[in-house]
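So the structure is just underneath, and the comments pick up after that.
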Amino acid sequence: MEPNHAVKALAALGHESRLTVFRLLVQAGPDGLPAGQLAEQAHIAPSSLSFHLKELVHAGLLSQRQDGRFIIYAARFDVMNALLAYLTENCCDGAPCAAKPADA
């Protein structure tokens, strides 16, 4: 992943509502969810949700497809995995990392 793509993805996820939506879509799996169901589960007004979905799609983190009169959104697991790999590719200078408690 290119650094500018990582920055765009991290910026999109750097908002509580967008992070909530992305996590819901990761939990939903590759089939995704319709926008209305996302709004209900995330407790976000549909007008606000459309803005957040647009940002996540623009960052490449979500795909969208038409299904009848519904728009289905799904997490792009390939992009998510590429972002995680980018963030950890030089972890611990190549040595196995020992997890430390979060409060350490």
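All residue numbers in this chain count up from 1 along the given sequence. Reckoned from all heavy atoms, side chains included, excluding hydrogens, waters and symmetry mates.
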So do R65 and I71 actually touch side chain to side chain, heavy atoms under 4.5 Å? no
First locate atom OH of Y86, then atom NE2 of H5, and finally report the distance between them rounded to the nearest 0.5 Å. 11.5 Å
Which atom pairs, donor and acceptor, lie under 3.5 Å between side-chain atoms of residues 38-57 and protein residues at least two apart or in another chain?
{"residue": "S50", "atom": "OG", "partner": "S47", "partner atom": "O", "Å": "2.9"}
{"residue": "H52", "atom": "ND1", "partner": "R18", "partner atom": "NH1", "Å": "3.1"}

If I take atom NZ from residue K8 and atom CG from residue L83, how far apart are they, to the nearest 0.5 angstrom? 13.5 Å
With a sphere of 6.0 Å drawn around CD of Q66, does it hold more than 12 non-hydrogen atoms of other residues, nucleotides or ligands? yes
Should we say atom NE2 of H15 is surrounded by more than 12 heavy atoms from elsewhere, each under 6.0 Å from it? yes
So, for L62 and R76, which heavy atoms are closest and what is the spacing to 0.1 Å? C-CG, 3.6 Å
Measure the shortest side-chain to side-chain distance between I72 and D31 over non-hydrogen atoms and say whether it is less than 4.5 angstrom. no
Contact between L25 and Y73 at the side-chain level, heavy atoms closer than 4.5 Å - yes or no? yes
Which atom names give the shortest non-hydrogen contact between M1 and V79, and what distance separates them? CE-O, 3.9 Å
Between L19 and F77, is there shared hydrophobic-cluster membership here, with clusters defined by ILVMFWY side-chain heavy atoms closer than 4.5 Å? yes
Closest heavy-atom pair and its distance - L61, A12: CD1-CB, 4.2 Å
Any link between V7 and F22 through a network of hydrophobic side chains (Ile, Leu, Val, Met, Phe, Trp, Tyr) touching at under 4.5 Å? no
Nearest atoms (heavy-atom pairs only) where L87 meets L10: CD2-CD1, 4.2 Å
